[in-house]
2 protein chains.
Amino acid sequence: MNNERTLNLLGALALSLVDGLNAATEGASGFGGEAPAALVTLGVEPGLSIKALGQILRLSHPGTVRLVDRLEKQGWVERRHGTDGRTLALFLTEAGTERRRLILAERRQPLQRAIAPLTAADREQLTTLLETMLTALTTDEQEAFAICRLCEEEVCPGDRCPVEQQYCRMVHP
Amino acid sequence: MNNERTLNLLGALALSLVDGLNAATEGASGFGGEAPAALVTLGVEPGLSIKALGQILRLSHPGTVRLVDRLEKQGWVERRHGTDGRTLALFLTEAGTERRRLILAERRQPLQRAIAPLTAADREQLTTLLETMLTALTTDEQEAFAICRLCEEEVCPGDRCPVEQQYCRMVHP
DNA sequence: TCATATGTATGCATTATGCATATATTGAAT
DNA sequence: ATTCAATATATGCATAATGCATACATATGA
């Protein structure tokens, strides 16, 4: 088989999907970059510090501060006192939670469109293949959070997430 | 089956792959945004006008002019006279061709890493699924070029590219 | 031959980011 | 208790990559 052709197809699909994801999440939030991912992630992990959020989003610290500034100004995120006098705990406001829901709903559409032509059997095959690939791609906790930063974790049971499983295997061998 | 879980896995893989593609192509070119895609695309379609390139990359016209400015300044792209007194024809220089090769080589790595854990049979399954999805996602020529804007078309025979095939089917029904 | 369309370029602004540095708080060693 | 290093956050400044409005140059057709 022509392996390189498969690489091209995989890259093309990924690019096309992420184009769609970016358009959807930016349309739903009015912000580009990592802002939509920040809202999604804070919904799953409320109380994250600025530093921790930045590591998940792979932003510099100042970049994260500015991102949180933008989200706070929209009334979507609150800076509360954290465990420390230094540390902040970030929480979604009610409006932020609502906005997050909208982002996730819009995010589904390009994904749905991609798997629309697949039969039920195809989807099972695909799911298995995705699990295998994601398991291989996840090497530490940081990366696990990064990979899942736009996931609707509500519908993805943690004990069956290949990304989290892989991470847990690394940590508790 | 839990369809939404499949959507999450697909989105997570796409995001992870494109993170890798972006890092690889930016590392190989020193430019982010659509600059790497511009070099790749101009290698496949030499003589493109600024307007046509911008439509493939989905950039505004001024954005494309500035992008070409940057690539020309690096000595990677030449503006030559086109079919018109108005129209330009863009070509890669020798250095640009070399840089494109490097970008494509680096681009393979994150893709290769993703399929590494798959068996030969898995890869055939995956290829078939990707073909089906890409066929559904391609609706016009513009989109076809956009989806393939980072593809190593040299290794992807045109008559077997689901993206191009789909487009040709649309145009010559 | 002149009006309109087409392709390209420029001025200016914005978004999202990074680097260097400042500030505030904590914890640990003296 | 005091001081110093580590940690968490914030700010000043700069940059990359882009868009909008507009100007300019060339072509085309009535």
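Quick note on labels: first sequence line is chain A, next is B, and so on, each numbered from 1.
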task: Quick one: list whatever passes side chain to side chain contact (heavy atoms under 4.5 Å, CB included) with B/Thr128, sequence neighbours left out.
output: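 Counting only residues at least two positions away or on another chain, B/Thr128 forms no side chain to side chain contact (heavy atoms under 4.5 Å, CB included).
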
- prompt: Side-chain contact, heavy-atom cut-off 4.5 Å: B/Leu13 with A/Leu17?
  reply: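 Not touching, per the 4.5 Å side-chain cut-off.
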
- prompt: Any side-chain heavy-atom pair from A/Glu94 and A/Glu98 closer than 4.5 angstrom?
  reply: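 They are not in contact (no side-chain heavy atoms under 4.5 Å apart), so the answer is no.
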
Residues that [X] engages under side chain to side chain donor-acceptor pair (under 3.5 Å), provided they are two or more places apart:
X: A/Arg113; answer: none
X: A/Thr119; answer: A/Asp122
X: B/Glu45; answer: none
X: B/Gln74; answer: none

Interatomic distance where [atom1] belongs to [X] and [atom2] belongs to [N] [whole Å]:
X: B/Gln74; N: D/dA17; atom1: CD; atom2: C1'; result: 15 Å
X: B/Leu71; N: D/dA17; atom1: CG; atom2: P; result: 10 Å
X: B/Lys73; N: D/dA17; atom1: NZ; atom2: P; result: 12 Å
X: B/His81; N: D/dT26; atom1: NE2; atom2: C1'; result: 13 Å

query: Reading nucleotides 6-14 of chain C from the 5' end, what letters show protein touch, with B for base, S for backbone sugar-phosphate only, - for no heavy atom under 4.0 Å?
result: BSBBBBB--

- prompt: Hey, does the side chain of B/Arg70 come within less than 4.0 Å of D/dA17's phosphate (OP1/OP2), counting only N and O?
  reply: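 Looking at the OP1 and OP2 atoms of D/dA17, one of them is under 4.0 Å from a side-chain N or O of B/Arg70.
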
task: Specify the angle, to 10°, made by the local axes at the two ends of the helix from C/dT1-D/dA30 to C/dT30-D/dA1 when five pairs are taken at each end.
output: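 For the helix from C/dT1-D/dA30 to C/dT30-D/dA1, the axes at either end differ by 0°.
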
Ring pair (Phe, Tyr, Trp, His ring centres under 6.0 Å) pairs, two or more places apart, involving residues 56-77 of chain A: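 As it turns out, the ring pair (Phe, Tyr, Trp, His ring centres under 6.0 Å) pairs with a partner in residues 56-77 of chain A, which skip direct neighbours, are A/Phe31-A/Trp76.
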
Could you pull out all donor-acceptor pairs under 3.5 Å where a side-chain atom in residues 20-28 of chain B meets a protein atom, sequence neighbours excluded?
{"from": "B/Asn22", "atom 1": "ND2", "to": "B/Val18", "atom 2": "O", "distance (Å)": "3.4"}
{"from": "B/Thr25", "atom 1": "OG1", "to": "B/Leu21", "atom 2": "O", "distance (Å)": "3.0"}
{"from": "B/Thr25", "atom 1": "OG1", "to": "B/Asn22", "atom 2": "O", "distance (Å)": "3.4"}

- prompt: Can you name the salt bridge (Lys or Arg N to Asp or Glu O under 4.0 Å) partners of B/Arg100, sequence neighbours left out?
  reply: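 Applying salt bridge (Lys or Arg N to Asp or Glu O under 4.0 Å) to B/Arg100 gives B/Glu154.
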
field: Sugar-phosphate, base or nothing in reach of B/Leu67, heavy atoms under 4.0 Å
entry: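 It contacts nothing in the nucleic acid.
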
query: By a strict heavy-atom criterion of less than 4.0 Å, which residues belonging to residues 22-43 of chain B are in contact with DNA chain C?
result: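 The answer is none.
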
Tabulate below the donor-acceptor pairs under 3.5 Å that side-chain atoms of residues 144-152 of chain A make, not counting sequence neighbours, or state none.
{"from": "A/Arg149", "atom 1": "NE", "to": "A/Glu34", "atom 2": "OE1", "distance (Å)": "3.1"}
{"from": "A/Arg149", "atom 1": "NH1", "to": "A/Ala146", "atom 2": "O", "distance (Å)": "3.0"}
{"from": "A/Arg149", "atom 1": "NH1", "to": "B/Asp19", "atom 2": "OD2", "distance (Å)": "2.9"}
{"from": "A/Arg149", "atom 1": "NH2", "to": "B/Asp19", "atom 2": "OD1", "distance (Å)": "3.1"}
{"from": "A/Arg149", "atom 1": "NH2", "to": "B/Asp19", "atom 2": "OD2", "distance (Å)": "3.4"}
{"from": "A/Glu152", "atom 1": "OE1", "to": "A/Arg108", "atom 2": "NE", "distance (Å)": "3.0"}
{"from": "A/Glu152", "atom 1": "OE1", "to": "A/Arg108", "atom 2": "NH2", "distance (Å)": "3.3"}
{"from": "A/Glu152", "atom 1": "OE2", "to": "A/Arg108", "atom 2": "NH2", "distance (Å)": "2.6"}

